[in-house]
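Any value given below was found using the heavy atoms of this structure, including those in side chains, with hydrogens, waters and symmetry copies removed.
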Amino acid sequence: MENTGKSEVAWRLELIKQQYEAAQRGFSGLAQGSARHMFISARMQSIGRIHQELQRMVGPEEAIRLVAETLQEHNGKGNNQETGLPKIDEKGH
């Protein structure tokens, strides 16, 4: 039963990552104005629902920690966390 719980949590965290990635793509997509806003809003609402499910599974503090870590890991993969631009090493490469 414990493994199933971990699998369910991992599955939901993967969903959050996918919704977040989709919302980020919405910023650079072809849609404009209200269509873009609606798309990004829908992704963020989905993340909120999944977060609520996680809260019921692992508690509110653990849920927010897991979501924050998931998004931080995603943002940190090869990108500057503040700008989203590729990281530059000390030599400027």
Rounded to the nearest 0.5 Å, how far apart are [atom1] of [X] and [atom2] of [Y]?
X	Y	atom1	atom2	answer
Ile16	Leu54	CD1	CG	5.0 Å
Glu21	Leu71	CD	CG	10.0 Å
Leu15	Thr70	CG	OG1	11.0 Å
His51	Gln19	NE2	CD	15.0 Å
Gln18	Ser46	CD	OG	10.0 Å

Q.
Applying side-chain contact (heavy atoms from CB on, under 4.5 Å), can you list everything that pairs with Met44, at least two apart in sequence or on another chain?
A.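 side-chain contact (heavy atoms from CB on, under 4.5 Å) check on Met44 returns Ala23, Ile40, Ile47.
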Q) Does Tyr20 have any ring pair (Phe, Tyr, Trp, His ring centres under 6.0 Å) partners at least two apart in sequence or in another chain, and if so, which? A)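 Applying ring pair (Phe, Tyr, Trp, His ring centres under 6.0 Å) to Tyr20 gives His74.
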Q) Got a sec, which residues hit salt bridge (charged side-chain N to carboxylate O under 4.0 Å, His left out) with Glu14, two or more places apart in sequence or on another chain? A)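 Applying salt bridge (charged side-chain N to carboxylate O under 4.0 Å, His left out) to Glu14 gives Lys17.
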(Q) By the salt bridge (Lys or Arg N to Asp or Glu O under 4.0 Å) test, which pairs, at least two apart or in different chains, include something from residues 41-55? (A)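 Sorted result for residues 41-55: Arg12-Glu53.
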Q. Which pairs with one or both residues in residues 60-71 pass salt bridge (Lys or Arg N to Asp or Glu O under 4.0 Å), sequence neighbours excluded?
A.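 Counting only pairs at least two positions apart or across chains, the salt bridge (Lys or Arg N to Asp or Glu O under 4.0 Å) contacts touching residues 60-71 are Glu62-Arg65, Arg65-Glu69.
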Q. Should Val58 and Ile64 be counted in the same cluster of Ile, Leu, Val, Met, Phe, Trp and Tyr side chains packed under 4.5 Å apart?
A.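 Looking at the clustering, Ile64 is in a separate group from Val58.
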Q.
Determine whether Gln24 and Asn75 satisfy the following criterion, side-chain contact (heavy atoms from CB on, under 4.5 Å), listing intermediate values before the conclusion.
A. CA-CA 11 Å; Gln24 285 184 315; Asn75 283 336; 3.6 Å; yes
